[in-house]
Amino acid sequence: MLKKAIQYMIISALAFTFLNVFVKSLNNFSVYQIVFFRALGSLFFTIPFLLKNKISLLGNKKGLMIMRSVVGLISMVLFFMSIKYIAMGTAVSLRYIAPIFATIFALFILKEKIKPIQWLFFGIAFAGVLILKGFDDTEIQITGVVLALTSAVFAGLVYITIRKIGDADHPVVIVNYFMFISAVIGGLLSISNWVNPVGKEWLVLLSLGVFGYFAQLYMTKAMQVGETNQIAPLKYLEVIFTMIIGLFWFGEIYTIWTVFGILLIVLGLTLNVVTKKK
């Protein structure tokens, strides 16, 4: 079972990686148009699934699902913006500190407890963030880092909202809400700057939803068949895959300090996951 879970997580990480790569390559399109196609592609999977299994598209906790969709949309828009400014590996690493914000939010909103040792691991991760921010203080770099960090804050709120929804609604219903609202808002905001795709651009844009859907699907499958403390750290393979492709595809440059900062973030988050699940 562990072997299968690892395979699922690797597939998920690769799918997320190609999603990031294609978003960064779509320089001719606004972020809102990219969000529109990202959502539209996923709806081709979620809606037929819900209809086939006779699951209500409206769900039960409608207010919370709308809230989850809005904060998720803001997080996605900010992240897509960030990878236009900074290296993909850096942006992905910063986005992954979302669980830290989620834990802090849970402390105050859900009244959950945090083990003292977790604060040390959070400190290690934040030290990595400071290193990423501190050794390249150009305006473009700072803008990208701020966008990625703000994206992580909203992603943390997504985790909390999903926790509040609990098992009252099917996971695909929650995703469908997110994708539908993202498609509507992304489509409306992209009207003024709409660019008609040409040739293979159609394929790239529509593939965003496919990669996004299967990335989520296989991550869920991995969590279902494997122990969380063994499998969750493997999601950080996305950072490694993204850095490698960024180096060879876009010629992105990673200094020793950048790599060190990313390693601290991944180390702190991995230790937190393992400790939290014990």
Side-chain angles (χ1 to χ4, degrees), residues 5-6 9-21 23-24 75 78-79 82-83 85-104 114-138 140-153 155-156 159 215 219 222 226-278:
I6 292 174
M9 191 58 84
I10 291 174
I11 293 173
S12 173
L14 283 170
F16 274 125
T17 297
F18 282 108
L19 172 61
N20 299 334
V21 169
V23 169
K24 191 174 182 72
S75 177
L78 292 173
F79 174 68
S82 73
I83 61 179
Y85 289 92
I86 55 178
M88 292 184 296
T90 302
V92 172
S93 301
L94 292 171
R95 184 191 64 185
Y96 268 132
I97 69 169
I100 295 180
F101 293 117
T103 302
I104 295 173
I114 300 178
K115 296 178 181 179
I117 190 66
Q118 286 182 265
W119 291 111
L120 173 61
F121 300 148
F122 291 163
I124 293 174
F126 271 117
V129 172
L130 293 176
I131 289 175
L132 289 180
K133 183 179 182 298
F135 286 89
D136 188 348
D137 57 358
T138 62
I140 291 178
Q141 176 75 6
I142 292 175
T143 299
V145 169
V146 170
L147 287 170
L149 283 175
T150 310
S151 171
V153 173
Y159 296 154
M219 183 172 68
E227 294 290 333
T228 302
N229 62 337
Q230 294 178 320
I231 299 304
L234 291 176
K235 66 184 178 181
Y236 302 121
L237 286 172
E238 180 190 347
V239 177
I240 298 173
F241 293 154
T242 302
M243 289 177 67
I244 292 173
I245 293 181
L247 283 169
F248 292 99
W249 193 327
F250 297 104
E252 294 180 339
I253 298 174
Y254 294 93
T255 66
I256 294 177
W257 283 111
T258 300
V259 174
F260 182 57
I262 290 173
L263 286 175
L264 284 180
I265 292 173
V266 173
L267 175 63
L269 295 176
T270 301
L271 290 173
N272 176 62
V273 170
V274 174
T275 302
K276 188 175 181 181
K277 296 301 178 181
K278 284 185 178 180

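Along the sequence shown, residues are numbered consecutively beginning with 1. Predicted model only: the values in this text are computed from it and were never measured.
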Q: Which residues satisfy the side chain to side chain contact (heavy atoms under 4.5 Å, CB included) test with S93, sequence neighbours excluded?
A: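 With neighbours one apart ignored, the set is V239, I262, I265.
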Q: With Y159, which residues qualify under side chain to side chain contact (heavy atoms under 4.5 Å, CB included), at least two apart?
A: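 Testing Y159 for side chain to side chain contact (heavy atoms under 4.5 Å, CB included), a comparison that skips the adjacent residues, returns A98, P99, A102.
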Q: Return the minimal non-hydrogen interatomic distance between G144 and Y85, and the atom names on each side.
A: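 So the minimum-distance heavy-atom pair works out to CA-CB, 3.7 Å.
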Q: Identify the two heavy atoms, one from I83 and one from A91, that lie closest to each other, and give their separation to 0.1 Å.
A: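 Heavy-atom minimum between the residues: CG2-CB, 3.4 Å.
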Q: Check ring-ring contact (aromatic ring centres under 6.0 Å, His included) between W119 and all other residues, then give those that pass, not counting sequence neighbours.
A: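 For W119 the ring-ring contact (aromatic ring centres under 6.0 Å, His included) partners, ignoring immediate neighbours, are F122.
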Q: So, using side chain to side chain donor-acceptor pair (under 3.5 Å) as the criterion, who are the partners of T258 when residues are at least two apart?
A: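 Checked T258 against side chain to side chain donor-acceptor pair (under 3.5 Å); matches are T255.
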Q: Listed by chain and number, what are the side chain to side chain contact (heavy atoms under 4.5 Å, CB included) partners of I244, not counting sequence neighbours?
A: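 So I244 forms a side chain to side chain contact (heavy atoms under 4.5 Å, CB included) with I240, F248.
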Q: Could you work out, with side chain to side chain donor-acceptor pair (under 3.5 Å) as the rule, every residue matching T150, not counting sequence neighbours?
A: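 If we apply the side chain to side chain donor-acceptor pair (under 3.5 Å) test to T150, skipping adjacent residues, there are no hits.
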Q: Taking side chain as C-beta onward, heavy atoms only, is V92 less than 4.5 Å from M243?
A: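 Of all side-chain heavy-atom pairs linking M243 with V92, none is under 4.5 Å.
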Q: Please set out all donor-acceptor pairs under 3.5 angstrom arising from side-chain atoms of residues 9-19, sequence neighbours excluded.
A:
unit_1	atom_1	unit_2	atom_2	d
S12	OG	A215	O	2.7
T17	OG1	A13	O	2.7

Q: I would like to know whether L94 and I86 meet side-chain contact (heavy atoms from CB on, under 4.5 Å); could you show each step before the answer?
A: CA-CA 11 Å; L94 292 171; I86 55 178; 4.3 Å; yes
Q: Could you report the tightest heavy-atom contact between M88 and G246, atom names first, then the distance?
A: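 So the minimum-distance heavy-atom pair works out to CE-CA, 3.6 Å.
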Q: Can you tell me how far CD1 of I104 sits from CD of Q118, rounded to the nearest 0.5 angstrom?
A: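 Q118 atom CD to I104 atom CD1 measures 11.0 Å (nearest 0.5 Å).
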Q: With rounding to the nearest 0.5 Å, note down the distance linking CG in N272 to CZ in F121.
A: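 So the gap between those two atoms works out to 7.5 Å.
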Q: For residues 257-267, pull every pair meeting salt bridge (Lys or Arg N to Asp or Glu O under 4.0 Å), keeping only residues two or more places apart or in separate chains.
A: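 Sorted result for residues 257-267: empty, none.
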Q: Testing the basics here: between Y254 and A87, what is the closest heavy-atom pair and its distance to 0.1 Å?
A: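 Smallest interatomic distance, heavy atoms only, reads OH-CB, 3.4 Å.
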Q: Return the set of residues passing side chain to side chain donor-acceptor pair (under 3.5 Å) with T242 (not counting sequence neighbours), or none when no residue passes.
A: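 For T242 there are no side chain to side chain donor-acceptor pair (under 3.5 Å) partners, ignoring immediate neighbours.
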Q: To the nearest 0.5 Å, how far apart are CD1 in I131 and CG in L264?
A: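 That separation rounds to 5.0 Å.
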Q: Would you mind reporting whether V153 and L78 have side-chain heavy atoms less than 4.5 Å apart?
A: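 The answer is no, as the side chains (C-beta and beyond) never meet within the 4.5 Å cut-off.
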Q: Only pairs at least two apart or in different chains count here, so list each salt bridge (Lys or Arg N to Asp or Glu O under 4.0 Å) that has a residue in residues 119-128.
A: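 Residue pairs passing salt bridge (Lys or Arg N to Asp or Glu O under 4.0 Å), neighbours aside: none found.
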Q: What is the minimum heavy-atom distance between F79 and S151, and which atoms define it?
A: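 Scanning both residues completely, I find the closest heavy atoms to be CB-OG, 3.4 Å.
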Q: Scan residues 249-275 for pairs that pass salt bridge (Lys or Arg N to Asp or Glu O under 4.0 Å), counting only residues two or more places apart or in two chains.
A: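 Found K24-E252.
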Q: Determine the minimum heavy-atom distance between L147 and S82, stating which atoms define it.
A: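 Residues L147 and S82, closest heavy atoms: CB-CB, 3.8 Å.
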Q: Is there side-chain contact between L271 and I117, with heavy atoms separated by less than 4.5 Å?
A: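 No, every pair of side-chain atoms sits at 4.5 Å or beyond.
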